Each structure stands twice: as structure tokens, then as C-alpha cells.
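For reference, the structure is listed below as C-alpha cells.
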Amino acid sequence: MRVKHLLGHQSLKYKNALRATGEVIMPFKRPRPPPVPHATNSSSTSTLLSTNHEHKRLRRGCLHGIKAYILSAKIDGAEYEILIGEAEENGAELCKTPAEADIIVTAIGMKKRLERHIDWNMAKGKAVVRPDWIRDSVKKSEALPCGDYAAISDLLDSSIENCPESSSSQSQPPDQAEASTSQHQSTKESTLPDLVYEPRYKSRFACERYSPLICPNQDLVKELHIIKLAREMESEERSALSYSRAISAIKAFPEKIKSMSQISDIPYLGDKLTGMIQEFLSKSTISQARQLSSDTRYQTLISFTSVYGIGPHTARHLYDLGLRTFDDLSRYLGSDDNAEGSGGSFAWREGLRLRDELSVKIPRAEVEEMGRLVDNALQDILPGSESTICGGYRRGKLESNDVDIVFTHPQGQGNKANNMIARLVERMRKDGLITHTMHAPSVRSKGSLRPPTNHDGWDTLDKSLTIFNLPKTSPYYKGIHRRLDLIYAPREVYWTAVVGWTGSTMFERDLRLWAKQKGLKFDSSGITRRRDTKALYATSERDVFKLLELEWIEPRLRNADL
DNA sequence: CGGCAATTCA
DNA sequence: CGTAT
DNA sequence: GCCG
């Protein structure tokens, strides 16, 4: 029965996630105000400080001035992120402890359970509301009465009593620059140099644009994707990159393309791509893509590269040898007389053996189950550690190809946390959860060996690429192996690692280009100033964006691929 | 025409 | 170098 | 294959 409950619960969240991607978050499809540059300090209250450097758009969100504490218990990671995002986005001040807060947001509905997290007497002095208070308040653009959202019946009265009021008097227009779909005035009026911002589809970098999981031009994008893959199969990487960029630019375009006039300011559409789009508009297909789809070479190369460890080069080689099917491949690898690559053979054999299982997508609920098991093992090894499921899951994908989990050691002093990856993997291997390690982190052990780059400690950023299998006792057990990537990041770079492992690929590539252009260097192991390689540490995910001088883009809008 | 992300592992 | 992230 |  517990199982049933869980399932129901999950699928509910699942729907919410969908809805979130589709309408709540999407900034474009709101009724938009007339195309007036409503950016600067036209509206009253704003203080000067907002004008200059940070292009604060004076959004005095509907929760402005409210101090909130969001209790993470009983809220899954992704949902929690959304709540935090929405609260912060709308001006709430998030507290680290319930004591500092005016309002406590929790999914817990029972007094007994809440008391495990929050002192009851303290709770009585505050408003304690359900998470939907945030969403509904945001929707209505005003802080709603807490009484309607009391999380716990015993606290109804005190919640009404202590309900905080937003200090933003007037509700404001939905901030956040919905890309006016019309080709926007180039606003000369207040020639402030930094008036060009608003992440929108015209931006040159994917990390400035809002890219939903599914876009209005998804069919077009799929067609281009085929051509891109073909270029990759033939190792025409630069060409492939251009298709990737075109795809990611189109993914950020907020409306269905019906005529060529619409696409004139989408970047990365040159002669070739423009021609293809034109064709697509009239025929709903692109001949090149159609042709490739039925091409034996293309199909074969695609299938061969789906084997872990086989890339384009090897795939072409195998194809040239005359192999066409997995059976051929299997036979070929089986006869170990083949002169070449007996080095790679083992990996390929394993890859081939597991291929069918690994090609099965992982539903969100199961990803979450995997996350729990990893975290349990982690807490056992080092209590107080933290982990975040990143990758496609975090971007809101309904099914994942693999699971990426970034973790760090407990706060406290220093790096007494050594060999976290090795210990975690070993523990999970003993428990039968991890069956293979594709790849071990280099043995950077203690002792006299000095790690090349790093200051005092040893482990900077380690990862293990593994094969995972749920225990038979799990309600989600299907006996299917899964790809699981475990990434350890030291505390100081935890949030950079989370951003780095959330993707998508194009989003990450452009993050790095963007950083470079800003005189910085970004990767999942940190942000450094190029000048002097001085490290900049972020204390939250939003802080990563801030340090990079980037507008915040939430994980579900970082789907700049596919 | 140069640049296109950046790094690690076997 | 090819492949993986 | 596109951009500065």
C-alpha cells in the first residue's frame, strides 16, 4: 500500500512538472504589455542602485520583503528547486533557518511529523503554509491569505494571525522580459549601454535564452537533428556544431514558424539552414533528412554508436569491414582473432551485452528512487553529505537515458572527506547496487604524491561512470541496468558542479564561451578569472549565474538541445 | 579567415 | 587518437 | 556551417 501511495504521489508531481514547463514558467506566452522598454526606472519605488550594473528590472515581486523558510522534507529535489526559484524570483527572502522566517512553507501535513523538523512553539508564532501558497500567490501576483493554505489544521489560527504581507504595494506586470515576438524596437531612447539584455531568442548564447523541453517548432528541430547526427557520424564536427546551434536557437523561439519573415532574427540561420527551413515550411519535411533516415550507412552508424565505447570513428571502421547488425558485431567481437583493438574489445563486448538494457529510458520516479538509494549510501558513509540529481532529470525530462548525481561532503570544517567517490562506489558495489564501473577515477591517493593543480587538499572533482541495478526489493525493480554517473565536488565548487552537470550540452558549451568572453573560465570544477586564475566561489546555483554576469535561467529552460 | 567547450581516461 | 562526460 |  505504501507502494501505491508513492506511485500516485510521483505521478502527480510529474504532471505538475509538465505543466510548469508548459505554461507557468514560459515567460513568452503571457499577455504582454505594449512593446515599450519597460525596463528602467520608470516605475516608482525603484532605487537607483538597480539601474546601473545589474539590469535589475525592478521587479518588486509579489512576495517582496517576505522572509520565507522552505522545508525540504517531503518535497522532492526538483520540486524544491522550483519552489525556491519561484519564491526568490518574486522577491521573497529565503531563510536558512525557520527561526528567521515569517512564513514556513512545508509539504508536511501532520503535527507530529512537522515537530521533527521545527520547534512547535516557534511554529505557533509564524504562518505555516503548503507549497501551493507560493505557486498561487505568484499566479495571482499577490501574497495570498495564509489561512487558505494552512499546512496544519492546528496552526490555522496562528497562520492567519501571522500571515506576512508583501511590501510590494502594487502588483506589477509580469517581469522577466517576455520576448516580444515582434521584431522589437531597437530602442535608442535611453542609450544606456547595458540596456541590451533580456534573455531572449535573439541572443547569441544558449545560456542567455529560454529553451523549453519541447518547443513550438519541435518537428522542424527533429528534422535538423537527423542531419546533425549524420554530420557527426561522418566526423564533420564543425558542420554538426552549426546544426546544433541552429537547433538550439530555434528551440528558444517562442512561436510556431509559419512564414520566413519570422525567422529573420533567429541567430545561426544562414543560407543553408534558411533553405532547409523554407523547404520544411512548404513540405513539412526536409528531403536530406528523409533521405538519411532511410540510408543504410546512416542507420548502421547510428546503431553502432549506440554501443557504449563505440564512437563515429570506430563505427565507420566496423561498417567498412562490412558489418551491419549487432549480430555481425557480436560475431566479430566473439572471434578474438581480430588483430585490431583487442584493447577496446572488452569494453565493447560489455557495452554490446548491456546495450539493450541501457537503451531503455528511465522514468522520473525511478530516477528519484536511484537518487534516494545513492543518498542513503552517502549518508551512511558521511552523514550530512548532500546530493543533487542533475542531468536531463533536473531539466524536467520525463524519461532519462542516464542519471547524474552530484554530491559533496558535509559542511563542517575542512576536507576530512577523502576518497568520497571510491568509498561510495565501493559501498554501493558491496550492496549490489553498482555492477560495473566504466571508468575509475585515477588513483590520486594520499602520501607523498602531490596533486598537480590543487592547493591543500586532494580531491577536487572526481567522477565515476557506473552501471547500476535496483535491488530486487525496490518497488521500481525491473531488472534493468542503468547508467549512473556519480560526481564528487568539494563544497566550494558544489554549485558550479551542479550547473555543470545539469546541461544541456549546448547550454554548457555556451556557458563556457560566455565565460571566456567575460574574461572568466567556467567548468564544473569552478569559475576562475583568466587574468590571474583566481578562483571565484559560488554559494548557490543562482550565485553561479551572478558571478558569470548572466541572467538566471532555471533548469527546465536549459534544454538547448534536441 | 580564425574560431568553434573543455577535460579525462584507456 | 578516439571516446566519454 | 555560421559569426565577428
Side-chain angles (χ1 to χ4, degrees), chain A residues 202-207 224 227-228 230-250 265-277 288 304-318 340-348 350-351 358 390-392 401-406 421 437-444 452-453 460-467 483-489 496-497 499-517 520-528 530 548 560-561:
Chain A
K202 300 178 190 178
S203 302
R204 206 155 61 84
F205 298 92
C207 55
L224 296 176
I227 303 174
K228 177 207 134 170
R231 298 291 185 271
E232 277 174 357
M233 292 305 109
E234 303 300 347
S235 292
E236 292 159 33
E237 299 170 37
R238 299 312 168 188
S239 177
L241 177 56
S242 286
Y243 285 95
S244 296
R245 285 186 167 145
I247 287 169
S248 102
I250 294 169
D265 38 42
I266 302 180
Y268 301 107
L269 302 183
D271 291 347
K272 203 110 159 192
L273 271 294
T274 301
M276 288 177 172
I277 294 175
Q288 255 209 64
F304 285 179
T305 51
S306 74
V307 176
Y308 189 94
I310 296 184
H313 182 90
T314 311
R316 286 197 303 270
H317 177 68
L318 297 169
E340 56 251 314
S342 47
S345 284
F346 175 74
W348 296 351
E350 279 305 282
L358 297 185
C390 299
N401 298 310
D402 68 356
V403 178
D404 307 295
I405 298 185
V406 176
I421 280 283
T437 309
M438 317 294 285
H439 201 264
S442 60
V443 197
R444 63 179 46 146
T453 50
T460 58
L461 191 120
D462 277 331
K463 62 168 185 281
S464 186
L465 315 182
T466 75
I467 306 284
R483 280 276 295 104
L484 169 68
D485 294 341
L486 296 171
I487 300 95
Y488 168 75
T496 346
V499 170
W501 285 84
T502 296
S504 68
T505 301
M506 276 313 292
F507 192 91
E508 298 299 327
R509 292 175 80 158
D510 278 356
L511 265 184
R512 290 156 201 253
L513 279 182
W514 169 272
K516 176 175 282 191
Q517 178 224 217
L520 301 169
K521 181 169 143 73
F522 172 89
D523 66 66
S524 53
S525 63
I527 301 171
T528 48
R530 296 189 105 94
L548 294 173
D561 291 88

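These numbers were taken from a predicted model, which means no experiment stands behind them. So that the names make sense, note that chain A is the first sequence line, chain B the second, and so on, each numbered from 1.
- When the P atom is compared between dA4(C) and dC4(B), the two are found 23 Å apart, to the nearest whole Å.
- Residue contacts for Phe522(A): at a heavy-atom cut-off of 4.0 Å it reaches no nucleic acid atom on any strand shown.
- In this structure, the separation between CZ on Arg316(A) and OG1 on Thr305(A) is 10.5 Å, given to the nearest 0.5 Å.
- Leu273(A) comes within 4.0 angstrom of the backbone, heavy atoms only, and of no base.
- The separation between Phe304(A) atom CZ and dT3(C) atom P is 13 Å, rounded to whole Å.
- Base engagement by Arg245(A) is indicated by at least one non-hydrogen atom pair under 4.0 Å involving a base atom.
- Comparing the same atom, P, in dA5(B) and in dC3(D) gives a spacing of 15 Å after rounding to whole Å.
- Listed nucleotides dT5(C), dT3(C), dG1(D) differ in distance to Lys272(A); the shortest reach to its side chain belongs to dG1(D).
- Asp523(A) CG to Arg512(A) CZ: the interatomic distance, rounded to the nearest 0.5 Å, is 5.5 Å.
- The phosphate of dG3(B) has neither OP1 nor OP2 within less than 4.0 Å of any side-chain N or O from Lys516(A).
- In this structure, Glu232(A) atom CD and dT3(C) atom P are separated by 12 Å, rounded to whole Å.
- Of the candidates Lys272(A), Arg231(A), Glu234(A), Ser239(A) forms a side-chain hydrogen bond (donor to acceptor under 3.5 Å, both in side chains) with just one, namely Arg231(A).
- Rounded to whole Å, the distance from CD1 on Ile421(A) to P on dT5(C) is 15 Å.
- Figure legend. dT5(C) is base-paired to dA6(B); pairs are counted as Watson-Crick or G-U wobble with both atom distances under 3.5 Å.
- Look at Tyr268(A) and you won't find any side-chain N or O under 4.0 angstrom from OP1 or OP2 of dC2(D).
- Atom P of nucleotide dA4(C) and atom CG of Leu484(A) are separated by 18 Å, given to the nearest angstrom.
- The CG atom of Asp265(A) sits 12 Å away from the P atom of dC3(D) (whole-angstrom rounding).
- With dG2(C), dT5(C), dA5(B) as the candidates, the nucleotide lying closest to the side chain of Tyr308(A) is dT5(C).
- Taking the P atom of each, dT5(C) and dG3(B) are spaced 29 Å apart, rounded to whole Å.
- Residue Gln517(A) contributes atom CD, which lies 13 Å from atom P of dA6(B) at whole-angstrom precision.
- Within the model, atoms CD of Glu236(A) and OH of Tyr243(A) stand 9.5 Å from one another, a figure rounded to the nearest 0.5 Å.
- With distances taken from any side-chain atom of Arg204(A) to the nucleotides dC3(D), dG2(C), dA5(B), the minimum falls on dC3(D).
- Residue Leu513(A) is classed as a sugar-phosphate contact, given heavy-atom separations below 4.0 Å to backbone atoms only.
- Closest approach to the Thr314(A) side chain among dT3(C), dT5(C), dG1(D) is made by dT3(C) (side chain taken as heavy atoms from C-beta onward).
- Residue-level contact check: Asp485(A) touches the backbone only, with heavy atoms under 4.0 Å from sugar-phosphate atoms and none from bases.
- The distance from the CG atom of Leu484(A) to the OG1 atom of Thr466(A) is 4.0 Å, given to the nearest 0.5 Å.
- In this structure, Trp514(A) places its CH2 atom 16 Å from P of dA5(B), rounding to the nearest Å.
- If you check dA5(B), dT3(C), dC2(D) against the side chain of Leu241(A), the one that comes closest is dA5(B).
- A straight line from CD1 of Ile310(A) to C1' of dC1(C) spans 16 Å, rounded to a whole angstrom.
- Atoms CE and CG, from Met506(A) and Leu511(A) in turn, are 11.0 Å apart once rounded to the nearest 0.5 Å.
- One distance of note links CG of Asp510(A) with OG of Ser244(A); it measures 10.5 Å at 0.5 Å rounding.
- Put simply, Arg512(A) has no side-chain N or O that comes within less than 4.0 Å of OP1 or OP2 on dC4(B).
- Here Arg483(A) reaches the OP1 or OP2 of dT5(C): one of its side-chain N or O atoms lies under 4.0 Å away.
- In this model, the phosphate group of dA6(B) is not approached by any side-chain N or O of Arg509(A) to a distance below 4.0 Å at OP1 or OP2.
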